[in-house]
Amino acid sequence: MYVGVHPLAGFDKVLHYRVPESLGAAVVVGSLVRVPIVNRLHLGIVGEIGAPKDFPVEKLKNVAQLVQPFPALTPDLLSLAKWMAAYYACGIDTIIETMLPAAVRNDAGLKIEKMLVMAEKLPEAELEKLTKRAPQQAKLYRFMVQQFKPVKKSLVLTRLDLTAAVVAALVKRGVLREEARRVERVAYADEWGSGEVVAAMPPLLNPQQRAAGEALAASLKADKFGVTLLHGVTGSGKTEVYLHAVHDALAAGGGVIFLVPEVALTPQTVARLRGRLEAIAPGQKTVVWHSHLSEGERIDGWHALASGEARVVVGARSAIFAPVQNLRLVVVDEEHEPAYKQDETPRYHGRDVAVMRAKLAGALCVLGSATPSLESFANAEAGKYQLLQLTQRVDDRKLPHINVVDMKIEIMNSRGMTTLSRKLVNAMQSRFEKREQTILFINRRGYSSSMMCTDCGHVEECEHCSITMTYHRSDERLRCHLCGAERPAPMSCPKCRSVKIRWRGLGTQRVEEAVRRVVPRARIERMDADTMSKKHLFRQVLGDFRAGKIDVLVGTQMIGKGLDFPNVTLVGLIDADISMHIPDFRANERTFQLLVQVAGRAGRGDRAGEVVVQTFTPQAEAIQFSRQADFAGFAASELKMRKDFRYPPYRHLIHHGFRGPNPEKLQFFAEQWAKRVEAALGDKVELRGPSPSPIEKIKDEYRWQLWYFTAQVTKVVAELTKLRADFTWPDDVTQVLDVDPMNMT
DNA sequence: AGCACGCCGACT
DNA sequence: GTCGGCGTGCTC
């Protein structure tokens with residue numbers, strides 16, 4: 001028998017080996033093996049069974065060892081690795097290394113404990129003799145005779161105050177037997193596991209929750225891949241809905257992966273989840289998976305899942321690679337959270353990988369959020385994902401009214417520049433009369449500003465990258481921060497010829513002045529990076545605001561987080577679309593989510609709050625726009641920069657992968673990069689490509705193209721570091737909207 | 001990755 | 001001439 005192996009040796013190639021008789025049937029696809037490469041042993045994953053096509057069979061070496069008795073990667077994980085390698089432009093070995101916990105790879109974490117068992121009893125006479133001649137051995141013997149189960153050698157030695165020599169003597173006589181046993185640390189029953197009995201009681205579901213639960217049950221019953229976006233407002237009880245689905249999946253004999261953002265993995269939440277999970281499926285063990293586990297805990301959890309002993313794993317990002325058997329359900333809670341992104345090579349997005357793994361396993365994937373990410377929402381709108389909504393809060397607190405004001409119309413009506421819309425002014429005045437508070441949130445981020453027509457809302461964008469171009473006032477030019485393209489700023493709107501084209505961006509100061517004009521008697525405080533340079537000032541202002549000494553708080557995003565003021569019943573979002581237009585679509589999304597969060601907080605228990613959103617591109621359009629701003633991101637393995645140069649000469653392939661549906665765009669990026677490197681080096685760089693994705697099954701438009709160029713690293717390292725610093729990297733290199741496993745056949 | 005092979009300039 | 005700095009290609 002011959003096998004093709006993916007070696008974990010730093011290069012990305014399948015090597016073939018002969019499987020010796022002794023290993024035979026135990027070696028299957030997904031097995032972790034040790035194989036000889038040149039003159040040393042490396043780990044590898046069996047990727048296929050069969051002889052090589054272009055290598056003489058006689059020359060094949062033997063597989064040296066089978067590291068794990070069961071396959072280390074399930075078939076779905078193996079195909080997931082292949083997909084990720086192509087999608088995120090990195091070697092499959094890198095992916096496999098992240099999939100397998102280090103402890104599993106070098107079986108170091110396997111804590112072996114020596115156990116002692118009785119092998120043969122001694123006749124009375126022998127024992128008498130032993131008592132005289134070797135009292136220590138006799139003592140040990142007497143103890144061991146009473147034991148029914150194997151006992152830990154270390155324990156026996158300390159308890160009976162013996163040395164290892166005594167044990168060895170009895171083992172040699174054949175009286176005792178030493179056994180090595182893998183220790184099962186119980187990663188699923190730590191000190192937090194119990195004592196949460198109350199939380200284990202399932203609360204009654206409201207009709208909406210029940211309906212969502214039933215819809216998920218139906219999807220699960222269909223027993224095939226599907227994605228459901230569970231869009232539930234804060235406090236609508238999404239967790240209960242997940243738990244019902246988990247229950248159904250377990251009842252059907254399937255496995256479950258439950259992903260939460262890393263920060264959510266506090267002992268309390270873990271304990272609560274585990275309590276509930278173990279209550280809905282008695283006897284089921286729940287493995288917890290996060291980065292702070294010890295090696296031992298990790299390997300035990302891994303083994304429990306790989307062997308099928310445990311079927312549920314709750315964990316952060318990397319838990320998506322857990323070797324769960326017969327995977328039926330993947331839950332991604334708070335799917336919009338940036339914590340799902342890995343910002344080291346291999347850069348991947350846990351949520352996207354979750355969707356793909358579900359697809360490969362034929363499972364149901366549930367993405368849940370109060371503020372779904374744009375791409376998930378777009379996928380739901382496009383009908384690719386099923387959309388379930390929970391609009392009622394469990395506590396029945398009212399949701400605020402959200403008014404979107406189109407500033408184009410506002411400016412038209414007032415015949416002039418307008419900072420605050422009529423709607424917002426009225427609302428502010430009425431709040432002031434009622435002694436309620438207002439927050440005006442000015443959406444300004446960085447100093448990127450775009451060119452926008454105040455008549456038609458047109459924004460200039462880069463023809464190559466479809467992102468908004470940045471206006472540079474110093475030289476009156478527009479630049480694309482992604483590809484570096486530039487052109488003179490137009491004097492009139494290219495679309496409607498209007499001359500009312502201006503660069504956008506209101507300062508807190510101007511807003512403050514405007515507020516002072518319309519509510520002269522109100523106490524107004526400004527809060528932005530300029531005025532809040534001192535920490536205590538920041539606290540003081542927030543304190544004053546909370547105490548009711550301030551009526552209107554005007555600020556930038558710094559007031560966005562953690563604002564929970566009971567007396568605030570109005571929130572105004574000025575220039576909502578500024579961050580919709582900055583060339584970083586991830587920022588758009590943050591603004592959008594912030595909006596939803598702010599909206600959720602506005603209002604008092606008894607009455608719904610109000611939110612006024614001022615925009616030139618009313619919401620639907622704005623979202624649409626930011627979807628276009630999605631570009632074929634630089635998915636890419638990181639620049640490989642090694643500083644430890646030594647002989648043998650490093651020669652590096654600096655490669656950048658560019659993915660996306662538009663080959664021209666990709667080529668353009670690649671060429672831009674090549675140019676930059678050339679300029680930095682002062683000599684020619686060879687650009688090669690595109691090389692197609694190694695995955696044949698993916699439809700052509702989703703096929704990657706990998707463009708790469710080679711250059712001598714000696715010169716490049718320093719230069720690239722500089723380049724990197726002044727190059728505006730897309731905020732999110734792995735993030736792409738067109739994650740679309742639904743359309744891959 | 002790590003190692004061998006083979007190229008080219010400057011020396012035991 | 002050959003030694004070693006360095007680029008390239010291969011590893012079953």
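Letters go in sequence order (proteins before strands), and every chain restarts at 1.
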* C:dC12 P sits how many Å from A:Met1 CE, rounded? -> 19 Å

* Does A:Arg328 use its side chain to pair, donor to acceptor, with the backbone of A:Gly253 at less than 3.5 Å? -> no

* Establish, with yes or no, whether the OP1 or OP2 oxygen of C:dC12 is under 4.0 angstrom from a side-chain nitrogen or oxygen of A:Lys59. => no

* Over how many whole Å does the gap from A:Phe55 atom CZ to C:dC12 atom C1' extend? -> 4 Å

* Asked: In whole angstrom, what separates A:Leu15's CG from C:dT11's P?
  -> 8 Å

* Value in whole Å for how far the P atom of B:dA1 lies from NE2 of A:His42 -> 12 Å

* C:dC12 C1' sits how many Å from A:Lys53 NZ, rounded? -> 14 Å

* Would one find a side-chain N or O of A:Arg40 under 4.0 angstrom from OP1 or OP2 of B:dA1? -> no

* To do: Answer yes or no: does atom NZ of A:Lys61 have more than 12 heavy-atom neighbours from other residues, nucleotides or ligands under 6.0 Å?
  => yes

* Asked: Between the side chain of A:Arg317 and the main-chain N/O of A:Ala339, is any donor-acceptor distance below 3.5 Å?
  -> yes

* To do: With heavy atoms under 4.0 Å as the rule, sort A:Pro36 into base, sugar-phosphate or nothing.
  => sugar-phosphate

* Nucleotide C:dT11, atom P - distance to NE2 of A:His6 in whole Å -> 17 Å

* **Between C1' of C:dT11 and CG of A:Leu41, the distance in whole Å** => 14 Å

* To do: Report the distance from atom NE2 of A:His6 to atom CD1 of A:Ile92, rounding to the nearest 0.5 Å.
  => 4.0 Å

* Asked: Please give, in whole Å, the distance from C:dT11 P to A:Arg34 CZ?
  -> 22 Å

